Chemist: 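One structure, as structure tokens, below. Some questions next.
Residues: numbered from 1 along the sequence shown. As the structure is a computational prediction, the values presented were derived from the model and not from experiment. Just so you know, these numbers use all the heavy atoms, side chains as well, and skip hydrogens, waters and symmetry mates.
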Amino acid sequence: MLRLPAVAGRFYPSNPAELTATIHRLTEIEPTRETLTVKACLVPHAGYLYSGTVAGAVFSRIRLPQKILILGVRHYPRGEPAAILSSGAWRTPLGDVPIDESLARALRAACPLLREDSVAHSQEHSLEVQLPFLQVLAPGFMFVPVALGTVRFEDLVTVGEAVGRVLAESSEEILLLTTSDLNHYQDDATTRVKDRKAIERLLELDARGLYDTCRNEQISMCGLGPAVAMITGLRAIGVTHAELVRYATSADVSGDLRAVVGYASMIFN
């Protein structure tokens with residue numbers, strides 16, 4: 001299956017030269033800074049205008065391997081609640097990115113909850129907007145796309161435990177890339193307070209605490225599911241360190257403080 005771009009020209013430039021230049025601008029690397037090897041990262045998935053610098057702060061800081069497992073959210077109601085694609089490629093204006101079939105098979109075997117489903121992925125932007133960054137910075141990489149629509153804690157733990165087993169058993173380096181925006185469409189001051197509460201739980205790698213905090217505090221973190229699964233998997237392989245790399249809200253770009261979205265990028269090792 002060839003999955004065609006759904007948000008090129010809206011979330012990021014559709015012109016290849018412009019897109020490449022945009023990625024380079026968003027990931028300008030300080031000459032004296034060494035890249036880090038990490039187990040996982042969390043990046044936002046809004047349009048590059050709003051969240052590109054936040055995502056770029058992580059992508060410019062880490063070493064990107066050739067195998068990447070992306071946990072995204074399913075924003076739209078159609079499709080399986082835990083959807084994977086195990087073969088084919090995804091197209092962006094920069095070309096086609098192949099799915100890592102062997103990694104996908106291993107993950108499906110570890111987690112029967114994951115179902116093969118192109119519908120859940122067909123219009124989903126949370127995974128798509130990561131690919132141009134990776135195409136420019138890690139040419140030749142392969143990936144596995146997972147879109148999580150479920151918010152049942154037990155399901156998310158099941159996915160996360162399977163991810164942990166696959167990462168632990170692999171002899172190759174795999175980056176776990178998870179994507180989420182933070183609180184949505186409240187005023188800037190409220191959003192920053194709510195986002196700080198979610199970020200604190202992420203920094204503590206506290207899956208249950210993150211889930212309960214977002215529910216109890218009504219924090220509309222759209223990638224809560226992927227983040228809970230990520231933390232669960234990282235805990236299973238002994239990861240204990242998390243670092244906030246950059247935080248911003250859409251108001252930092254638009255100047256509109258009335259209805260904003262929060263964005264954070266983080267690394268885990």
Chemist: Just how far is it from atom CD of Q130 to atom OG1 of T178, taken to the nearest 0.5 Å?
Modeler: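 Q130 CD to T178 OG1: 10.0 Å, rounded to 0.5 Å.
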
Chemist: Please report the shortest heavy-atom distance between S14 and P93, naming the atom on each side.
Modeler: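 For S14 versus P93, the nearest heavy atoms are O-CB, 3.2 Å.
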
Chemist: Evaluate side chain to side chain contact (heavy atoms under 4.5 Å, CB included) for M221 paired with L210, printing each intermediate quantity in order.
Modeler: CA-CA 10 Å; M221 179 179 176; L210 176 64; 4.1 Å; yes

Chemist: Look at the side chain of R201 and the backbone N and O of T213, then say whether any donor-acceptor pair between them is shorter than 3.5 Å.
Modeler: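 Absent.
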
Chemist: Looking at side-chain heavy atoms only, is the closest gap between V58 and V38 below 4.5 Å?
Modeler: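 Contact flag for V58/V38 side chains = no.
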
Chemist: Between atom OG1 of T249 and atom CD of Q186, what is the distance when rounded to the nearest 0.5 Å?
Modeler: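 So the OG1 of T249 and the CD of Q186 are separated by 12.5 Å.
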
Chemist: Any non-hydrogen side-chain atom of P145 less than 4.5 Å from a side-chain atom of I70?
Modeler: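 They are not in contact (no side-chain heavy atoms under 4.5 Å apart), so the answer is no.
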
Chemist: Between the side chain of N183 and the main-chain N/O of S220, is any donor-acceptor distance below 3.5 Å?
Modeler: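 Pair found, side chain donor or acceptor close to backbone of S220.
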
Chemist: Quick one: does P226's side chain get under 4.5 Å of T179's, heavy atoms only?
Modeler: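 Of all side-chain heavy-atom pairs linking T179 with P226, none is under 4.5 Å.
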
Chemist: Should the heavy atoms of other residues, nucleotides or ligands under 6.0 Å from CZ of F268 be counted, would the total exceed 12?
Modeler: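 It does: F268 CZ has more than 12 such atoms within range.
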
Chemist: Looking only at non-hydrogen atoms, find the nearest pair between A83 and H121 and report the distance.
Modeler: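 So the minimum-distance heavy-atom pair works out to O-NE2, 3.2 Å.
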
Chemist: Answer with yes or no whether the hydrophobic clustering places L148 together with I174; edges join I, L, V, M, F, W, Y residues whose side-chain heavy atoms lie under 4.5 Å apart.
Modeler: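 Hydrophobic grouping puts L148 with I174.
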
Chemist: Can you tell me which residue pairs pass the side chain to side chain donor-acceptor pair (under 3.5 Å) test with a partner in residues 260-269, sequence neighbours excluded?
Modeler: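 Those involving residues 260-269 do not exist here.
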
Chemist: Can you find a heavy atom in the side chain of L175 that is under 4.5 Å from one in the side chain of F141?
Modeler: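 Answer no - side chains too far apart.
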
Chemist: Indicate the atoms forming the closest heavy-atom contact of L64 with A138, along with that distance.
Modeler: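 Scanning both residues, the minimum pair turns out to be CB-CB, 3.7 Å.
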
Chemist: Rounded to the nearest 0.5 Å, how far does CD of E172 lie from CD of Q66?
Modeler: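 Separation between the atoms: 10.5 Å.
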
Chemist: If the plane angle is over 60° it's perpendicular, under 30° parallel, otherwise tilted; pick one for H125 and F11.
Modeler: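 Because their plane-to-plane angle lies in the 30° to 60° range, the rings of H125 and F11 count as tilted.
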
Chemist: Are any side-chain N or O atoms of T191 and backbone N or O atoms of D188, one a donor and one an acceptor, separated by less than 3.5 Å?
Modeler: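 No.
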
Chemist: More than 12 non-hydrogen atoms from neighbouring residues, nucleotides or ligands closer than 6.0 Å to CD on E154, yes or no?
Modeler: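 Yes, enclosed.
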
Chemist: Who pairs with S51 by side-chain hydrogen bond (donor to acceptor under 3.5 Å, both in side chains), at least two apart in sequence or on another chain?
Modeler: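 Applying side-chain hydrogen bond (donor to acceptor under 3.5 Å, both in side chains) to S51 gives none.
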
Chemist: Which pairs count as side chain to side chain donor-acceptor pair (under 3.5 Å) when at least one residue sits in residues 131-150, sequence neighbours excluded?
Modeler: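 Found T92-Q135, T150-D155.
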
Chemist: Mind jotting down which residue pairs meet the salt bridge (charged side-chain N to carboxylate O under 4.0 Å, His left out) criterion with at least one end in residues 111-125? Sequence neighbours excluded, please.
Modeler: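 Qualifying pairs: R108-E116.
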
Chemist: What salt bridge (charged side-chain N to carboxylate O under 4.0 Å, His left out) pairs are there with at least one residue in residues 78-93, not counting sequence neighbours?
Modeler: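 Sorted result for residues 78-93: R91-D96.
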
Chemist: Say whether I267 and I68 are linked into one hydrophobic cluster, either directly or through other cluster members, by side-chain heavy-atom distances under 4.5 angstrom.
Modeler: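 I267 and I68: one cluster.
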
Chemist: What distance separates L4 CG from M1 CE, expressed to the nearest 0.5 Å?
Modeler: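 Atom-to-atom, L4:CG and M1:CE are 8.0 Å apart.
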
Chemist: Going by the rule salt bridge (Lys or Arg N to Asp or Glu O under 4.0 Å), which residues pair with D252 if we only count those two or more places apart in sequence or in a different chain?
Modeler: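 Scan of D252 (salt bridge (Lys or Arg N to Asp or Glu O under 4.0 Å), adjacent residues dropped) gives R192.
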
Chemist: Which atom names give the shortest non-hydrogen contact between M266 and A242, and what distance separates them?
Modeler: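 Looking at all heavy atoms of both residues, the shortest contact is CE-CB, 4.5 Å.
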
Chemist: If the condition is side-chain hydrogen bond (donor to acceptor under 3.5 Å, both in side chains), which residues does S118 pass it with, not counting sequence neighbours?
Modeler: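 Partners of S118 by the side-chain hydrogen bond (donor to acceptor under 3.5 Å, both in side chains) criterion come out as none, since no residue qualifies.
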
Chemist: Between V73 and H75, is a side chain to side chain contact (heavy atoms under 4.5 Å, CB included) present by the stated rule, with each step listed?
Modeler: CA-CA 6 Å; V73 64; H75 282 90; 3.0 Å; yes

Chemist: Could you tabulate the donor-acceptor pairs under 3.5 Å formed by side-chain atoms of residues 227-238, not counting sequence neighbours?
Modeler:
from : atom 1 : to   : atom 2 : distance (Å)
T232 : OG1    : V228 : O      : 2.8
R235 : NE     : L205 : O      : 2.9
R235 : NH2    : E204 : O      : 2.8
R235 : NH2    : L205 : O      : 3.3

Chemist: What are the two closest heavy atoms between V54 and A264, and how far apart are they?
Modeler: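 It is CG1-C, 3.6 Å.
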
Chemist: Are V253 and L182 connected, step by step, through hydrophobic side chains (Ile, Leu, Val, Met, Phe, Trp, Tyr) whose heavy atoms are closer than 4.5 Å?
Modeler: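 Shared cluster, no.
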
Chemist: Between V261 and Y185, is any pair of side-chain heavy atoms under 4.5 Å apart?
Modeler: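 Heavy-atom side-chain distance check passes, below 4.5 Å.
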
Chemist: Could you work out, with side-chain hydrogen bond (donor to acceptor under 3.5 Å, both in side chains) as the rule, every residue matching Y247, not counting sequence neighbours?
Modeler: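 If we apply the side-chain hydrogen bond (donor to acceptor under 3.5 Å, both in side chains) test to Y247, skipping adjacent residues, the hits are D195.
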
Chemist: Are Y76 and V146 connected into the same hydrophobic cluster when the rule is that any two of I, L, V, M, F, W, Y join if their side-chain heavy atoms are below 4.5 Å apart?
Modeler: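 No, no single cluster joins them.
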
Chemist: Output yes when a side-chain donor or acceptor of T22 lies under 3.5 Å from a complementary backbone atom of E18, and no otherwise.
Modeler: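 A pair under 3.5 Å: yes.
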
Chemist: For side chain to side chain contact (heavy atoms under 4.5 Å, CB included), just list the numbers for N216 and K197, CA-CA rounded to whole Å, side-chain angles, deciding distance to a tenth of an Å, and then say yes or no.
Modeler: CA-CA 11 Å; N216 295 338; K197 294 178 180 180; over 6 Å; no

Chemist: For R61, which residues count as a salt bridge (Lys or Arg N to Asp or Glu O under 4.0 Å) partner, sequence neighbours excluded?
Modeler: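 For R61 the salt bridge (Lys or Arg N to Asp or Glu O under 4.0 Å) partners, ignoring immediate neighbours, are E243.
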
Chemist: Is there a path from I62 to L71 through hydrophobic residues (I, L, V, M, F, W, Y) whose side chains come within less than 4.5 Å of each other?
Modeler: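 Looking at the clustering, L71 is in a separate group from I62.
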
Chemist: Only pairs at least two apart or in different chains count here, so list each salt bridge (charged side-chain N to carboxylate O under 4.0 Å, His left out) that has a residue in residues 256-269.
Modeler: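 Matches after skipping sequence neighbours: D256-R258.
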
Chemist: Could you state the interatomic distance from OH (Y50) to CG (D181), rounded to the nearest 0.5 Å?
Modeler: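 Atom-to-atom, Y50:OH and D181:CG are 12.5 Å apart.
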
Chemist: For K194, what residues pass the salt bridge (Lys or Arg N to Asp or Glu O under 4.0 Å) criterion, not counting sequence neighbours?
Modeler: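 With sequence neighbours excluded, K194 shows a salt bridge (Lys or Arg N to Asp or Glu O under 4.0 Å) to no residue whatsoever.
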
Chemist: Is the shortest heavy-atom distance from the side chain of H45 to the side chain of C222 under 4.5 Å?
Modeler: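 Yes. Closest side-chain heavy atoms under 4.5 Å.
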
Chemist: Can you confirm whether F153 sits close enough to D212 that some side-chain heavy atom of one is under 4.5 Å from a side-chain heavy atom of the other?
Modeler: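 In short, these two side chains do not touch, never coming nearer than 4.5 Å.
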
Chemist: For side chain to side chain contact (heavy atoms under 4.5 Å, CB included), just list the numbers for F59 and I23, CA-CA rounded to whole Å, side-chain angles, deciding distance to a tenth of an Å, and then say yes or no.
Modeler: CA-CA 10 Å; F59 286 129; I23 297 297; over 6 Å; no

Chemist: Is there a side-chain contact between L69 and L176, using heavy atoms and a 4.5 Å cut-off?
Modeler: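 Touching, per the 4.5 Å side-chain cut-off.
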
Chemist: Write down the atom of Y12, the atom of P5, and the distance for their closest heavy-atom approach.
Modeler: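 Answer, listing the atom of Y12 first, then P5: OH-CB, 3.9 Å.
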
Chemist: Could you state the interatomic distance from NZ (K39) to SG (C41), rounded to the nearest 0.5 Å?
Modeler: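 With rounding to 0.5 Å, NZ (K39) is 13.5 Å from SG (C41).
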
Chemist: I'd like to know if the side chain of S86 reaches the main chain of R105, judged simply by a donor and an acceptor atom lying under 3.5 Å from each other, with no hydrogens or angles considered.
Modeler: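 Not a single qualifying donor-acceptor pair exists.
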
